[in-house]
Asks: 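Before we start, here is the structure in question, set down as structure tokens.
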There are 2 protein chains.
Amino acid sequence: MARILVLEDEKAINDLVALNLGMVGHTVVQAFTGKEALSIAERTPLDLLILDVMLPDTNGFSVYEKLKGTPAIFLTALGETADKVKGFERGADDYIVKPFEMTELLLRVEAVLRRTHKSERRYQIDDLEIDFEAKTVTKGGEPVDLTLQEYALLEVLIKNRNIALSRQRLMREAWDVSFLGESRTIDVHVQRLRKKLGLDDRIKTIYRLGYRFEEGL
Amino acid sequence: MARILVLEDEKAINDLVALNLGMVGHTVVQAFTGKEALSIAERTPLDLLILDVMLPDTNGFSVYEKLKGTPAIFLTALGETADKVKGFERGADDYIVKPFEMTELLLRVEAVLRRTHKSERRYQIDDLEIDFEAKTVTKGGEPVDLTLQEYALLEVLIKNRNIALSRQRLMREAWDVSFLGESRTIDVHVQRLRKKLGLDDRIKTIYRLGYRFEEGL
DNA sequence: GGCAGTTGTAACAGAGTTGTAAAAACACGT
DNA sequence: ACGTGTTTTTACAACTCTGTTACAACTGCC
């Protein structure tokens, strides 16, 4: 279940896409202009962008540039594909030629989310089993109690596994936007996760930066 | 296994759909006109409607309107999608563009049924036995009185069992859409369910979020 | 090794959240 | 209008969580 932004000026298409994504359980935000999209992205974290290439006020690529880091799927009309494809050399992105089948879009969305680890409901490692939707954790079969805030933090860590995350970023992604406190809050929460789940080895401290959840490697 | 009405005037397609649905275990009723569909719906309870949008005597939407409450999947030809989509703002429904793959239809049927959990009418756990359609509950053989609202809440909890449900979501799904009150209503109703049904252990409080019905964990 | 900066850890208090009972508001038939 | 049964609101006590603080332990660098 991911947070997805749909940027497409044609209302009918935008609605259609949003509707279908919502149907399969994602949280969808709709934007009709590039400006709108950027202002939304500023305020809420997003897992995936679906960008129309041709827009009245700008084009999907420049929006994508400004939101670098967030994976994207581009919607492009038939003529404009070939030369622009260079944009997608990266791995997390994709594009679809209009007109498209809704099932195709849904499939590609799932594929991208799977690649970027953004929509997993359950996660298993060692003797740990975490269900983010049920909000349950078992360790070696025994249930463990986590608080909501601990789930939020753990989820961010796991979904960005093998990436070093700054405290600032962890704050942004796992805490309510309004939260401002600059303090040792995160350290304490990490400590609680390590203790409750026996994750001393998997949640690694990056000196002077933040933390990283390690898997495989 | 659900009871499904197929309304589609082209006999070949209707038969095909009915056949396939029957094949996977559903009970299928076929209708070829809107009038027929309504008369059938009057007499037998249905879990899902599959409605052709274009019909000789009417259209799928108006049939849907008259049977409000029953989830539906619309079959629509390519041109007529965009403007009609407003019909699906609700969560339980879906649509498919003709021509479609039979597997796609079957998948969407299962998805809708899963979302609405309509394939189960009764639910049993421990010494409890609940019939959501009859609106009866027995606990250890003895009948228990629940109010309508209590059934609604219990149903949402059970049909989303093992998922942590926010108060907001419970409100949306178990109360009339229009309800806005930000209050302790849900807490009180949960408390009554726990007391009346002895569900203290099964309905778990998720601090700062809402509740979760637990089954076999 | 010594130092400044950084992280680990335990304990605490206040804010926020839930359980519960009882009152108030509402719905509906008579 | 009244009475009955249901639903929402209110009030308060009990409880949980969370950010903070203080100090110990550690890290990297000179």
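In what follows, chains carry the letters A, B, and so on, assigned in the order in which the sequence lines appear, proteins first and then strands, with residues in each chain numbered from 1.
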Asks: Taking the nucleotide of DNA chain D with the nearest heavy atom to each, does B/Q149 or B/R184 sit closer to the 5' end?
Replies: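 Result of the comparison: B/Q149.
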Asks: Salt-bridged, A/K159 to A/E120, with N to O below 4.0 Å?
Replies: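 Between A/E120 and A/K159 there is no salt bridge, as every charged N stays at least 4.0 Å from the carboxylate O atoms.
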Asks: Counting heavy atoms from C-beta on, name the nucleotide in C/dT7, D/dT8, C/dT18 closest to the side chain of B/W175.
Replies: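 Closest nucleotide among those given: D/dT8.
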Asks: Base, sugar-phosphate or nothing for A/L153? Non-hydrogen atoms, less than 4.0 Å.
Replies: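 Since no nucleic acid heavy atom lies under 4.0 Å of A/L153, the category is nothing.
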Asks: Above 12 or not: heavy atoms from other molecules or residues under 6.0 Å from CZ of A/R121?
Replies: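 Yes, CZ of A/R121 has more than 12 neighbouring heavy atoms, counting only those of other groups under 6.0 Å.
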Asks: With a non-hydrogen cut-off below 4.0 angstrom, is B/V190 in contact with a base, only sugar-phosphate, or nothing?
Replies: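 Since no nucleic acid heavy atom lies under 4.0 Å of B/V190, the category is nothing.
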Asks: Looking at CZ of A/F213 and CG of A/L193, how far apart are the two atoms once the value is rounded to the nearest 0.5 Å?
Replies: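 The CZ atom of A/F213 sits 9.5 Å away from the CG atom of A/L193.
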Asks: Start with the C-alpha distance between B/I4 and B/D47, add both sets of side-chain angles, then the distance that settles side chain to side chain contact (heavy atoms under 4.5 Å, CB included), and finish with yes or no.
Replies: CA-CA 6 Å; B/I4 303 176; B/D47 300 317; 5.6 Å; no
Asks: Quick one: does B/Y207 reach the base of D/dT16 with a side-chain donor-acceptor pair under 3.5 Å?
Replies: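 Pair found.
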Asks: Roughly how many Å is it from CD in A/Q191 to P in D/dT18, rounded to a whole number?
Replies: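 It works out to 14 Å between those atoms.
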Asks: Within the structure, does a side-chain N or O atom of A/H189 lie under 4.0 Å from either OP1 or OP2 of D/dG19?
Replies: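 It does, given that an N or O in the side chain of A/H189 lies less than 4.0 Å from OP1 or OP2 of D/dG19.
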Asks: From NZ of A/K195 over to C1' of C/dT7, roughly how many Å is that when rounded to an integer?
Replies: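 Whole-Å distance recorded here is 15 Å.
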Asks: DNA chain C: B/R167 or A/V188, which has the more 5' nearest nucleotide?
Replies: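 Counting from the 5' end, the first nearest nucleotide belongs to A/V188.
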Asks: Nearest whole Å is fine: how far is C/dA10 P from A/D187 CG?
Replies: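 Roughly 14 Å, once rounded to whole Å.
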Asks: In whole Å, I'd like the distance from the CZ atom of A/R192 to the C1' atom of D/dG19.
Replies: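 It works out to 8 Å between those atoms.
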Asks: Can you measure A/D145 atom CG to D/dT18 atom P for me and round it to whole angstrom units?
Replies: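 So the two atoms are 12 Å apart, to the nearest Å.
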Asks: What is the separation between atom CD1 on A/I206 and atom P on C/dT6, rounded to the nearest whole Å?
Replies: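 Atom CD1 in A/I206 sits about 15 Å away from atom P in C/dT6.
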Asks: Ignoring backbone atoms, test whether A/R194 places a side-chain nitrogen or oxygen under 4.0 Å from the OP1 or OP2 oxygen of C/dG8.
Replies: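 Looking at the OP1 and OP2 atoms of C/dG8, one of them is under 4.0 Å from a side-chain N or O of A/R194.
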Asks: Less than 4.0 angstrom between a side-chain N/O of B/S183 and OP1 or OP2 of D/dT9, yes or no?
Replies: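 B/S183 to D/dT9 OP1/OP2: side-chain N or O found under 4.0 Å.
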Asks: Using a cut-off of less than 4.0 Å, is there contact between a side-chain N or O of B/Y211 and OP1 or OP2 of C/dT17?
Replies: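 No.
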Asks: Mapping A/L146 and B/L148 onto DNA chain D by nearest heavy atom, which one lands closer to the 5' end?
Replies: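 Comparing both residues, the 5'-ward one is B/L148.
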Asks: What is the distance, rounded to the nearest whole Å, between atom CG of B/L209 and atom P of D/dT18?
Replies: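 So the two atoms are 12 Å apart, to the nearest Å.
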Asks: Find the distance B/L193:CG to D/dT6:C1' and express it as a whole number of Å.
Replies: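 So the CG-C1' distance, B/L193 to D/dT6, works out to 14 Å.
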Asks: Whether B/T147 contacts D/dG5 is assessed here as follows: a side-chain N or O lying under 4.0 Å from the phosphate OP1 or OP2. Is that the case?
Replies: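 Answer no for this pair, as no side-chain N or O of B/T147 is under 4.0 Å from OP1 or OP2.
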Asks: Mark yes when over 12 heavy atoms from residues, nucleotides or ligands other than A/K35 sit less than 6.0 Å from its NZ; otherwise mark no.
Replies: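 Not more than 12 within 6.0 Å, no.
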